[in-house]
Amino acid sequence: MTAPAAVATPLRVATWNINSVRLRAPLLRQVMDELNPDVLCLQETKTPDEHFPHEAAEALGFTHRIITGMKGYNGVAVLSRLPLTRMPDWQDWCGKGDCRHLGVSVDLPGGPMEVHNFYVPAGGDVPDRGANPKFAHKLDFLAEVTAWTAARGPARRSVLVGDLNIAPMEHDVWSHKQMLGVVSHTPVEVEAMGRWIAAGGWYDALRHFVPADQKLYTWWSYRAKDWRAADRGRRLDHVWVSQDLAGGLRRHAVLKDARDWPQTSDHVPVLMEIVV
DNA sequence: ATGGTCGTACAACGA
């Protein structure tokens with residue numbers, strides 16, 4: 001007689017571009033109340049490691065934390081209820097030392113699972129490599145990450161989340177036609193993202209739940225008078241899973257109401273529940 | 001067609 005299979009408990013992974021972790025640490029309580037993630041990946045923490053609000057994270061049950069931050073810009077963090085190990089093959093993308101990626105291993109009963117937390121360069125305003133060094137940096141970053149991904153081979157027991165600053169599909173933006181020349185939705189960026197996702201054999205977990213013909217956004221500009229009425233959003237934040245985890249996808253949530261919180265980020269938290 | 005708002009850190013830059 002065989003032993004009964006272990007009961008699979010879904011893991012809850014969330015991602016949020018928090019746009020300053022020091023300013024918005026109090027909002028993490030609301031993220032926990034609404035989404036209750038086991039692993040929370042943050043981008044744009046904008047904080048040197050010595051000033052990270054560890055106490056606030058600890059108080060929410062995130063006893064394991066791996067962070068990489070710098071003064072004023074960028075910065076990513078992985079907060080977890082489960083033990084984490086930083087992955088050894090850290091890359092300094094484009095040689096800039098700008099704290100845009102953490103790869104961690106999460107200690108789970110069924111074996112370790114990789115979590116990659118990315119903050120891809122926004123790319124500035126002009127979608128021209130020659131005229132705009134920030135756009136060149138974005139494309140170079142994507143090319144480097146894609147080459148690294150291809151060299152590692154297809155992802156297994158892995159999740160990739162973050163602010164990837166690209167809205168690849170027609171209904172990831174409010175107007176495909178009007179956005180074709182706007183950085184985040186240009187064909188050259190969308191193609192670069194396509195090469196990245198193919199290189200890792202990644203699976204777009206949010207679009208597993210929301211059909212391609214339905215609008216799906218995770219970001220709304222601060223500049224709109226009434227962001228909800230205008231609803232000119234973009235899907236800049238992503239959750240990708242390795243093919244072997246696609247069958248374990250159980251539920252997603254895009255916490256749109258967070259966009260109305262007092263002094264909130266222009267991105268909203270996104271949750272994925274996965275049996276691993 | 002343009003300007004619109006944030007955060008960091010104190011002028012200007014990045015988004």
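All values below come from the heavy atoms of this structure, side chains included, with hydrogens, waters and symmetry mates left out. In what follows, chains are A, B, ... by sequence order, proteins preceding strands, each numbered from 1.
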Whole-Å distance separating the CG atom of A:D98 from the C1' atom of B:dA15: 14 Å

For A:T218, side-chain hydrogen bond (donor to acceptor under 3.5 Å, both in side chains) partners two or more places apart: A:D237

Tell me the interatomic distance from A:N17, atom CG, to B:dA15, atom C1', rounded to whole angstroms. 9 Å

For B:dA9 versus B:dA15, give the span between their C1' atoms, rounded off to a whole number of Å. 16 Å

Contact class for A:R100 vs. all strands (heavy atom < 4.0 Å): base, sugar-phosphate, or nothing? sugar-phosphate

In whole angstroms, the gap separating P of B:dG14 from CG of A:N165 amounts to 14 Å

Residue pairs passing the salt bridge (charged side-chain N to carboxylate O under 4.0 Å, His left out) test with at least one member in residues 120-135 of chain A, sequence neighbours excluded, are A:R129-A:D140

C1' gap between B:dC10 and B:dC6, integer Å: 16 Å

Nearest-Å distance for atom pair CE/P, residues A:M70 and B:dG14: 11 Å

Who passes side-chain hydrogen bond (donor to acceptor under 3.5 Å, both in side chains) against A:D92, sequence neighbours left out? none

Gap between atoms OH and P, on A:Y119 and B:dG14 respectively (whole Å): 11 Å

Using atom CG of A:D125 as one end and atom C1' of B:dT2 as the other, report the distance to the nearest whole Å. 13 Å

For A:S184 and A:R234, does a side-chain donor sit closer than 3.5 Å to a side-chain acceptor? yes

Would you please name every residue forming a ring-ring contact (aromatic ring centres under 6.0 Å, His included) with A:F209, sequence neighbours left out? A:H252

Spacing of the C1' atoms in B:dG7 and B:dA11 (rounded, Å): 14 Å

Classify every nucleotide of nucleotides 4-13 of chain B by which part a protein heavy atom approaches to under 4.0 Å, writing B for the base, S for the sugar-phosphate alone and - for neither, in 5'-to-3' order. BBSSSS----

Partner residues of A:R250 under the salt bridge (charged side-chain N to carboxylate O under 4.0 Å, His left out) criterion, sequence neighbours left out: none

